[in-house]
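Computed over heavy atoms, backbone and side chain alike; hydrogens, waters and symmetry mates excluded. Every chain is numbered from 1, with letters handed out A, B, ... down the list of sequences.
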Amino acid sequence: MTTLDLHPDRLFPVDPGLRALARSLYATVATLPIVSPHGHTDPQWYADDTPFPNASALFITPDHYVFRMLYSQGVPLEALGIPRRSDAGAAGGGAIETDARKIWRTFAAHWPLFRGTPTRVWLDHAFHENFGIRERLEPANADAIFDRINAALATPAFRPRALFDRFGIEVIATTESPLDPLAHHAKIRASGWGGRVVTAYRPDPVADPEFEGFRANVERFGALAGENASTWSGYLASHRNRRAFFASMGATSTDHGHPTAQTADLTPAECQRLLDRALAGTISPAEAELFRGQVLTEMAKMSLDDGLVMQIHPGSFRNHNGAVFRDFGRDKGADIPTRTDYVRALKPLLDRVGTERGLSIVLFTLDESTYARELAPLAGHYPVLKLGPPWWFHDSFEGMLRFFSMAIETAGFANTVGFNDDTRAFLSIPARHDVWRRVACRFLSTLVGEHRLEEDEAFALAPDLAYGLAKRAYKL
Amino acid sequence: MTTLDLHPDRLFPVDPGLRALARSLYATVATLPIVSPHGHTDPQWYADDTPFPNASALFITPDHYVFRMLYSQGVPLEALGIPRRSDAGAAGGGAIETDARKIWRTFAAHWPLFRGTPTRVWLDHAFHENFGIRERLEPANADAIFDRINAALATPAFRPRALFDRFGIEVIATTESPLDPLAHHAKIRASGWGGRVVTAYRPDPVADPEFEGFRANVERFGALAGENASTWSGYLASHRNRRAFFASMGATSTDHGHPTAQTADLTPAECQRLLDRALAGTISPAEAELFRGQVLTEMAKMSLDDGLVMQIHPGSFRNHNGAVFRDFGRDKGADIPTRTDYVRALKPLLDRVGTERGLSIVLFTLDESTYARELAPLAGHYPVLKLGPPWWFHDSFEGMLRFFSMAIETAGFANTVGFNDDTRAFLSIPARHDVWRRVACRFLSTLVGEHRLEEDEAFALAPDLAYGLAKRAYKL
Amino acid sequence: MTTLDLHPDRLFPVDPGLRALARSLYATVATLPIVSPHGHTDPQWYADDTPFPNASALFITPDHYVFRMLYSQGVPLEALGIPRRSDAGAAGGGAIETDARKIWRTFAAHWPLFRGTPTRVWLDHAFHENFGIRERLEPANADAIFDRINAALATPAFRPRALFDRFGIEVIATTESPLDPLAHHAKIRASGWGGRVVTAYRPDPVADPEFEGFRANVERFGALAGENASTWSGYLASHRNRRAFFASMGATSTDHGHPTAQTADLTPAECQRLLDRALAGTISPAEAELFRGQVLTEMAKMSLDDGLVMQIHPGSFRNHNGAVFRDFGRDKGADIPTRTDYVRALKPLLDRVGTERGLSIVLFTLDESTYARELAPLAGHYPVLKLGPPWWFHDSFEGMLRFFSMAIETAGFANTVGFNDDTRAFLSIPARHDVWRRVACRFLSTLVGEHRLEEDEAFALAPDLAYGLAKRAYKL
């Protein structure tokens, strides 16, 4: 048995002077409320407040960071209880493991795989802080830890709403499709519970002609909005309608997860033509790209009116593993970042709305080479642009250090938006915010130690990075 | 009021041993003369030696680093006194602020935006070293600091030539178009003043078919040279003629700011055809690219004869913000770096002149991903190639550290050219060279501390990085 | 004279605590045997065991890292004794220097060029550890050092096999073409010598339609295999045949050095058509790319059967300097890395074999921007993929630090394969492994110091990084 002991100085600089300053800065932000302006937790958790079933269902099955690592080392997804797609054929593949304890044992046996990864940092934090675990997970204690977590989950203190409070969440945004009736959000609001859970408008299913079921999606979209969404004007009116509904359910933002950052500024006739082809299923890949790009520009224009903050998350090649997509579906750890251009891609949108002062567009990237080359120079010039924090694979200690060192000199702190956890792993939320706060304080302490910033300025910036920037940028 | 206090150890490592060594190295180079082989200061300053009018005209209006940051946070360019283009229509937009004090107050109110940026480092240096300012700029002291700077500027000690001497400038290069009669340079030379100001040959207005007024530019170009520049041979002869004139005015270099690093090696007939189309305004974007690329190869060939060092500054998407370009023109903080290829782009030129020993081509980049991947391997092989220092957005503490850590292992120090300030902000020149010298000494101290270099070698390299490499590479 | 003194703490962190831990970690791995699973040493050395002729032939003429640096600073390749291509015309160029002492003096005179480069680290190590040299090379001691090295080389202790033993090499792989009869390997095996030297299957001459002599190569390939390699099925059968022969001579891997990472999955009819055009010399560049990509997929499929580990080394623009290639041929320091895509390029192959559990594909890159963006996400998902160590220009102190900081968080340690020296410079092998071991221990010590890893885990990982991962990944 080895001790699991969260060191109070973890992620801080090693130099004693810097460490002391990082510690002082961190002390001022460690317990600030969590503003989580973008993420993928399930609103049903907060609506129904039913207990999480067990440790495996909490930590393994929903967390693609976890199961992709085991899969990469030869563990079948079936053995981790990942559910097969409902429409998957009998394409072979073993039986899906349903014994949560067995899944947990497989996980424990592969624990050393996570050495040096952010997943390890988040899980250590979750185990230690929530469940009082003081031993490193290993086969010998796997059962005991599994039982301990399960016992806790069965108590009221571990229901979703109680955890929400325990985590100090001031507000959290989920992400829904325009086709979502937002029933869970309605239930939350009707419940009288004080937790603030807002939605965000993510129109990919009706904005991406290559999305599964696009034609049916658009039909339903129009029906929900009481519009004929097969005409371009009706399609736009449907967006306006659903955005207004989302805003009424607390949304302050939209979100757009496109393969690239391409935008467009076409004539209505061209738009109608693309929409026709998209609905007919005859649209080419290049045209689909153009259609998505046009939707981005339309979303920006609507944001000028309704004030929703726009988020662009480009550059992921989704469902790269054909076999995994066929058998298990989306979001199974097989999305791979690609090289992404912003300079040419965003120009049509920026030519249209780039100099507005009432609009806010938050740019994310999976291509770190764009931080210093494209994103910081763009955000350091255009009034509408701001930089999102390190995202996904880069939401990590090293990723955050690279972000700070590559983006701040040109963008400044004020053109950034603090932190997003962007997660569907509920227990990782406090851990992720804690990592961000620690690394931000580390960065500030280094600036001070190298006399690039004065100490009082670091103390002014720390709470902004931890809390204020996110709250203001997302109007929360 | 907060103290503005330049720390003597700023930008040095935090480790006491490294810091002590960095300090010792820096002591040997801190007061070396400044060799500024490439930049954009206005030769009229040195020619006329009239006082700078006021603090805003000195620090804000001409410095795109400064006003782009304020603009990104919603401050209109008009409020900063940025002059509208003479040919701008009455396209709306507010009145241009003409009260320098009001501009300064706006600047002071936004001072915190510069935290963590190189601009802050340069301005702190300029305020402290030149004007004896010992308080951090803020709204409460904005007027007092404005008055203090203005009072100094009205004294003889703050005239351009006096500042030139005070800064310890041994030689500075400006950058002019072939269409420039170099009257200011002639006046400087005729004045008997001892300051060495040389020009550099930057033919973009006659080398880029997409430059505003290209056809008229080429016509005037031929007229100045006494050649028919509408024929390819006359066009080349015009370059030769103007290069010779520039060399007679002290130029030791040419400079080329192209969208990409593309070069070409076409037949004279192809060149004539491209020139015809360029002059007729019927050239396509791809052909314009080819034309610019051919000019680079021609410039390299001419350098073989006249010995001018060639600089290539590729990869900036100029005037990205259409509205700002339309209303305010070029160089207004809206140039954005793009991904840049060197390996395929430079091959035509290198196949032609790459193995020559009498030619020197200095490569710059705005795409840091090319340092280790393309530029250092190219410069570490081809006799004609050398690496310019971190440029523009990368002329910063972090940018320099990345340059050193990514370029030196493969290129070696000898294939680099020391520092360029490349600025139009006169007061930033000593600050920029000081940052370079500090970071170079920091890098060397780290190499020694990690036993990758011996101490005597670091002491040999420091003055080379601060002074010798630039002087030799640019033949100054 | 200046002392050459290898510092025992070289490349370790400067912080005393980290340094102490790095030292402790390194102590556990410093003398582990060398597993060299991929490289380019000459098997004839081990077969014939004749002495190396002199210091220049050992350190300069075969080492493109060395002569490219001198060439970049104006030293002609002729002056370094680089042999001209046998088929080079009388294309001018000076006489090839044949006096090894003169070559050595030229080298010594340019020694300062290597400051801050990995070559310097390797050479210092080789001089100090093998030849007892305690002075820094310079013109004044060049002759004495030359004589000292030569005297040592003439002794039995410096024969290739003795050095192999002295270096603690447990196993080394060379790299041969399918056309190679592996006579040296046969001689080694027949000799009774205990050193383990294995081959690796590198089919570029018969897999790349743009390789010199492709048609004749394929003809000979079929002849060696007893197949008609001009039919697609015979071509594949020839590969199977030669792979089996290579495996019988110890090969556990194949290696593929393509311009890009492009793969393909074509029908046999398409493959036959491409092969026909390749043999006829009418294949287009795009088709040649497709052909190479198809070969990669075929190699992967064959690996499923014969178990050879597949290595992909893409992204080098070979023979960039046309004049050097024409006069001196391949591998003359003129190969330049290019931007490389893996995500789209590998998809055809991965769709075919990506989820297999019996296959191992090791990916290398010369484009460090792909570590965090593409390679770590791919290797952290696909069961067949693993990440090779920093390669070529990135096989350096800084390159290794970047690799660790950019790849490990997403890939984990388990999806990496330890170290490859990948060299043809025999004396650099222990130096290169030593650098890797030192930097790995440095990285681990930093993780522990920042409380991202526990100390016992660092001690478990250090020998894996130094030895175990390579041995297991390459089945050695």
Side-chain angles (χ1 to χ4, degrees), chain B residues 13-18 339-344 346-347 350-352 354-355 357-358 367-386 404-415 443-454 456-458 460-461, chain C residues 2-16 64-65 68-69 71-76 110 112-121 136 315-317 320-324 327 332-340 365-369 392-394 396-399 401-402 442:
Chain B
V14 169
D15 175 84
L18 297 189
R339 199 188 299 143
T340 305
D341 159 68
Y342 292 84
V343 182
R344 283 176 185 79
L346 292 177
K347 188 151 172 44
L350 290 170
D351 278 344
R352 189 66 184 248
T355 64
R357 274 163 190 81
D367 181 352
E368 294 175 309
S369 76
T370 63
Y371 283 150
R373 186 181 61 217
E374 304 180 20
L375 293 176
L378 284 165
H381 168 73
Y382 278 102
V384 301
L385 297 181
K386 288 196 168 45
F404 284 124
S405 77
M406 296 199 280
I408 296 300
E409 287 189 325
T410 293
F413 290 98
N415 286 308
F443 178 66
L444 293 171
S445 78
T446 306
L447 292 182
V448 173
E450 295 170 345
H451 307 290
R452 298 194 270 150
L453 191 75
E454 298 298 325
D456 69 293
E457 297 177 293
L461 285 164
Chain C
T2 322
T3 303
L4 164 57
D5 182 25
L6 290 191
H7 198 285
D9 289 334
R10 63 192 184 279
L11 311 187
F12 290 160
V14 169
D15 175 84
H64 51 70
Y65 289 84
R68 79 192 308 273
M69 177 63 88
Y71 179 75
S72 79
Q73 285 284 309
V75 179
H110 290 84
L113 296 181
F114 296 103
R115 287 171 178 160
T117 70
T119 296
R120 166 68 177 272
V121 175
R136 189 186 306 159
S316 178
F317 189 124
H320 191 273
N321 185 325
V324 163
D327 295 343
K332 292 300 175 291
D335 299 343
I336 310 291
T338 58
R339 199 189 297 143
T340 305
T365 197
L366 293 172
D367 180 352
E368 294 175 309
S369 77
W392 203 333
F393 297 105
H394 311 310
S396 67
F397 174 80
E398 303 276 5
L401 283 185
R402 283 197 290 272
R442 175 192 174 111

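Taking chain B as the reference chain and counting heavy-atom pairs below 4.5 Å, the highest number among C:G322, C:G116, C:G315 is found for C:G116. Top candidate by heavy-atom pairs under 4.5 Å with chain C, chosen from B:V384, B:T446, B:L18, B:L346, is B:L18. Most heavy-atom pairs under 4.5 Å with chain C: of the set B:G412, B:P377, B:A379, this distinction falls to B:P377. Heavy-atom pairs under 4.5 Å with chain C were tallied for B:S405, B:G354, B:P16; the largest tally goes to B:S405.
A centroid separation of 6.0 Å or more is found between the aromatic rings of B:H451 and C:F12.
B:H381 has its side chain within reach of C:N321: a pair of non-hydrogen atoms, C-beta onward, lies under 4.5 Å apart. Counting heavy atoms from C-beta outward, B:P383 and C:Y71 have side chains that approach closer than 4.5 Å. In this structure the side chain of C:T338 reaches within 4.5 angstrom of the side chain of B:R344, judged on heavy atoms. Using a 4.5 Å heavy-atom threshold, the side chains of B:E450 and C:H7 count as separate. Residues B:M406 and C:R402 are in side-chain contact: their nearest non-hydrogen atoms beyond the backbone lie under 4.5 Å apart. Annotation: side chain of C:R68 is in contact with side chain of B:T410 (closest heavy-atom distance under 4.5 Å).
Between the side chains of C:T117 and B:E409, no donor-acceptor pair is found at a separation under 3.5 Å.
For C:L11, the parts lying near chain B are the backbone and the side chain together; criterion is any non-hydrogen pair under 4.5 Å. Heavy atoms of B:S445 lying under 4.5 Å from chain C are absent altogether.
The two residues C:S72 and B:N415 come nearest to each other via the heavy atoms OG-ND2, 2.9 Å.
If you take CD1 on C:I336 and NZ on B:K347, they are separated by 10.0 Å, rounding to the nearest 0.5 Å. Rounding to the nearest 0.5 Å places CZ of C:F114 at 14.5 Å from CG of B:L453. Atom CG in B:D351 sits 7.5 Å away from atom NE2 in C:H320 (nearest 0.5 Å).
Taking the side-chain hydrogen bond (donor to acceptor under 3.5 Å, both in side chains) definition, one finds that C:E398 meets it with B:R452, sequence neighbours left out.
Under the side chain to side chain contact (heavy atoms under 4.5 Å, CB included) test applied with C:S369, the options B:E368, B:R339, B:R373 reduce to a single match, B:R373.
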